[in-house]
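Hydrogens, waters and symmetry mates play no part in the numbers below; they use all other heavy atoms, side chains included.
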Amino acid sequence: MCFNKILSISLSFFCYAAFSQVNSKLTLQNAIILAKKNSIDYKIAVNIAQSSYWNYQAYKSSFLPKLYLSGTLPDYYRTINEITLPDGQNAFVSQNVASSSVDLNLSQSISYTGGSLIMGSSLRRIQNFGDFTKVAYTSVPFTLSYLQNNLFYNDYKWQKKIEPLRLQEAQRAYVESLEEISFNTIDKYFDLLKADVQLKLDQQNHKNLDTLIKITQARFEIGTVSLNDVLQSKVSLLNARKSVSNSTLVLQIAQQNLTRFLNLEKDHKFELELPDSIVFFNIASDLALKEASENRKFNIEFKRRRLEAEQEVEKVKARVAPSLSLKANLGLTQTGNTLDQTYDDLLRNQSISIGFYIPLIDWGV
């Protein structure tokens with residue numbers, strides 16, 4: 001498999017190197033190979049396919065565990081804040097505090113439920129300055145948390161359905177793009193070939209009429225033809241000259257279109273070779289429908305768009321309907337004036353929070 005791929009690349013490079021000579025021969029097969037290796041359309045197709053592939057890899061990576069470190073070093077403020085005293089009264093107190101914190105978390109997305117499981121550890125330090133200098137620590141050596149914004153809507157479930165289809169759609173689109181490049185190459189190739197043949201016919205016609213007008217002029221001088229015949233011959237010659245000019249212009253445009261499509265140098269000259277054989281074949285309608293269903297991107301695109309529409313409907317329903325959120329935590333914690341004390345005789349640290357949202361009146365939204 002690897003050898004065949006290297007051989008194919010080598011042959012393509014050889015075709016391109018052989019064709020890079022000025023005034024070289026260009027066959028239809030070589031033109032298609034060049035278009036599939038050198039054209040702007042091919043580069044666009046490759047970039048789109050690669051972008052889709054890496055988007056899918058990013059989607060798969062989103063389900064892998066994530067380890068991250070966060071914190072503040074330090075958070076310092078000196079101001080007057082309103083605080084509640086132990087006797088329940090509020091008072092304005094001057095504060096001069098520096099706090100630091102560091103958190104280490106390992107999170108894992110749960111595709112089955114749509115939530116996230118987080119295992120972490122944290123440490124926080126507070127230092128008071130001024131007349132009441134004091135240092136305090138608090139630690140959470142271990143905590144296990146589960147978070148889910150809405151128990152009735154699971155975005156991960158829809159991603160697992162849609163993202164593989166998106167990748168398949170991109171793969172089929174890439175194959176279709178290659179076939180489209182081949183089709184456009186053939187179209188431009190035969191446009192140039194037809195223009196070249198038409199120019200040669202017009203040049204030959206102009207040459208024949210030029211000879212004919214000389215004969216007609218000679219016959220007019222001996223009185224065997226009328227002046228009207230001479231004038232008609234001159235008009236025909238002018239029309240033939242006009243046809244040669246038009247054919248030359250059409251040939252130049254066709255050559256520029258093929259040169260630009262193959263992404264060659266604009267001053268590159270080449271000579272086309274007429275294909276020596278044409279293969280005729282018949283395709284049964286049932287087979288055509290079967291191959292189109294299996295290979296074209298349309299079916300995959302339709303399934304993907306339908307799933308996205310169903311996802312949007314469920315998302316809107318979850319947004320306007322009653323919803324429940326869940327936040328649960330289980331771990332250990334401690335506090336102390338020294339770092340050692342914060343990890344001694346640990347206490348339980350646990351919490352659970354279930355929130356709800358029930359829309360009552362939305363005025364028809």
Side-chain angles (χ1 to χ4, degrees), residues 1-2 4-9 11-12 15-16 26-63 111 155-194 254 257-264 275 277-315:
M1 182 67 179
C2 182
N4 293 336
K5 185 175 182 181
I6 295 175
L7 181 61
S8 176
I9 295 175
L11 290 175
S12 301
C15 291
Y16 180 78
L26 177 62
T27 64
L28 179 59
Q29 188 64 30
N30 285 344
I32 294 176
I33 293 176
L34 278 173
K36 288 185 176 181
K37 297 295 181 182
N38 199 46
S39 67
I40 300 298
D41 288 13
Y42 170 74
K43 295 177 181 178
I44 292 174
V46 169
N47 286 329
I48 292 176
Q50 290 179 346
S51 176
S52 300
Y53 171 78
W54 288 115
N55 285 337
Y56 182 72
Q57 293 301 320
Y59 149 74
K60 291 203 304 182
S61 298
S62 66
F63 290 97
S111 60
D155 189 62
Y156 297 145
K157 177 190 70 174
W158 291 103
Q159 290 184 22
K160 293 185 69 173
K161 293 180 179 180
I162 293 174
E163 292 302 327
L165 291 179
R166 201 186 299 276
L167 179 63
Q168 293 181 37
E169 180 184 345
Q171 292 171 343
R172 293 191 179 186
Y174 174 72
V175 175
E176 288 186 17
S177 297
L178 294 184
E179 296 303 321
E180 187 71 20
I181 290 172
S182 298
F183 176 82
N184 291 333
T185 304
I186 294 172
D187 189 43
K188 289 175 171 47
Y189 186 92
F190 279 98
D191 281 346
L192 179 55
L193 193 62
K194 183 173 64 175
N257 289 339
L258 182 59
T259 301
R260 185 169 59 250
F261 185 76
L262 297 180
N263 199 23
L264 300 174
S277 63
I278 299 177
V279 179
F280 295 94
F281 52 88
N282 295 321
I283 300 179
S285 59
D286 294 340
L287 178 61
L289 291 174
K290 177 177 177 295
E291 294 295 330
S293 176
E294 292 179 355
N295 298 307
R296 291 205 61 192
K297 71 172 184 177
F298 177 77
N299 283 346
I300 301 297
E301 180 184 7
F302 178 79
K303 293 177 182 178
R304 189 257 307 167
R305 292 174 58 188
R306 180 169 182 171
L307 283 174
E308 288 178 341
E310 293 176 355
Q311 178 193 18
E312 189 63 25
V313 170
E314 185 168 326
K315 185 184 296 184

Heavy-atom distance under 4.5 Å between the side chains of [X] and [Y], does that happen here?
X: Lys43; Y: Asn263; answer: yes
X: Tyr189; Y: Ile32; answer: no
X: Trp158; Y: Leu307; answer: yes
X: Phe183; Y: Ile186; answer: no
X: Ser182; Y: Lys36; answer: yes
X: Asn38; Y: Leu264; answer: yes

Exercise for review: Carefully, step by step, assess Asn257 and Arg260 under the rule side-chain hydrogen bond (donor to acceptor under 3.5 Å, both in side chains).
Suggested key: CA-CA 5 Å; Asn257 289 339; Arg260 185 169 59 250; 2.8 Å; yes

Point to revise | Aromatic plane relationship, Phe63 with Tyr156 - under 30° parallel, 30 to 60° tilted, over 60° perpendicular | key: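 Perpendicular: the ring planes of Tyr156 and Phe63 meet at over 60°.
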
Quick one: [atom1] on [X] to [atom2] on [Y], what's the gap to the nearest 0.5 Å?
X: Glu163; Y: Ser52; atom1: CD; atom2: OG; value: 10.0 Å
X: Arg166; Y: Glu301; atom1: CZ; atom2: CD; value: 10.5 Å
X: Leu34; Y: Lys37; atom1: CG; atom2: NZ; value: 11.0 Å
X: Ile44; Y: Asn47; atom1: CD1; atom2: CG; value: 8.0 Å

Check your understanding: Taking only residues two or more places apart in sequence or in another chain, which ones pass side-chain hydrogen bond (donor to acceptor under 3.5 Å, both in side chains) with Arg305?
Key ->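 None.
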
**Study point:** Any residue meeting side-chain hydrogen bond (donor to acceptor under 3.5 Å, both in side chains) with Arg304, in chain and number order, not counting sequence neighbours
**Key:**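 Applying side-chain hydrogen bond (donor to acceptor under 3.5 Å, both in side chains) to Arg304 gives Glu169, Glu308.
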
Practice item. Return the set of residues passing side-chain contact (heavy atoms from CB on, under 4.5 Å) with Lys303 (not counting sequence neighbours), or none when no residue passes. Key: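 Applying side-chain contact (heavy atoms from CB on, under 4.5 Å) to Lys303 gives Leu165.
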
Point to revise | side-chain contact (heavy atoms from CB on, under 4.5 Å) partners of Asp41, counting only residues at least two apart | key: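 If we apply the side-chain contact (heavy atoms from CB on, under 4.5 Å) test to Asp41, skipping adjacent residues, the hits are Ser39, Ile181, Asn184, Phe261.
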
For a quick test of your reading: what N or O donor-acceptor pairs under 3.5 Å do the side chains of residues 284-293 make, sequence neighbours left out?
residue	atom	partner	partner atom	Å
Lys290	NZ	Glu294	OE2	3.1
Glu291	OE1	Asn295	ND2	2.9
Ser293	OG	Asn299	ND2	3.0

Check your understanding: Given Leu26 and Leu258, is the side-chain contact (heavy atoms from CB on, under 4.5 Å) satisfied, shown in steps?
Key -> CA-CA 11 Å; Leu26 177 62; Leu258 182 59; 4.2 Å; yes

Practice item. Search all heavy atoms of Tyr174 against all heavy atoms of Ala49 and return the closest pair with its distance. Key: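 Shortest heavy-atom contact: CD1-CB, 4.0 Å.
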
Exercise for review: Specify the closest pair of heavy atoms between Leu28 and Pro275, including all atoms of both residues, with the distance to one decimal.
Suggested key: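 Smallest interatomic distance, heavy atoms only, reads CD2-CG, 4.2 Å.
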
**Study point:** Verdict with supporting geometry, Gln311 and Asp155, side-chain hydrogen bond (donor to acceptor under 3.5 Å, both in side chains)
**Key:** CA-CA 8 Å; Gln311 178 193 18; Asp155 189 62; 3.1 Å; yes

Review point. Does the gap between the ring centers of Tyr56 and Tyr53 come in under 6.0 Å?
Key: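 No, the ring centres sit 6.0 Å or more apart.
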
Exercise for review: Quick one: which residue pairs count as a salt bridge (charged side-chain N to carboxylate O under 4.0 Å, His left out) with a foot in residues 175-184, not counting sequence neighbours?
Suggested key: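 Non-adjacent pairs meeting salt bridge (charged side-chain N to carboxylate O under 4.0 Å, His left out): Glu176-Arg296.
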
Point to revise | Carboxylate-amine/guanidinium proximity below 4.0 Å for Glu310 and Lys161 | key: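 Lys161 and Glu310: not salt-bridged.
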
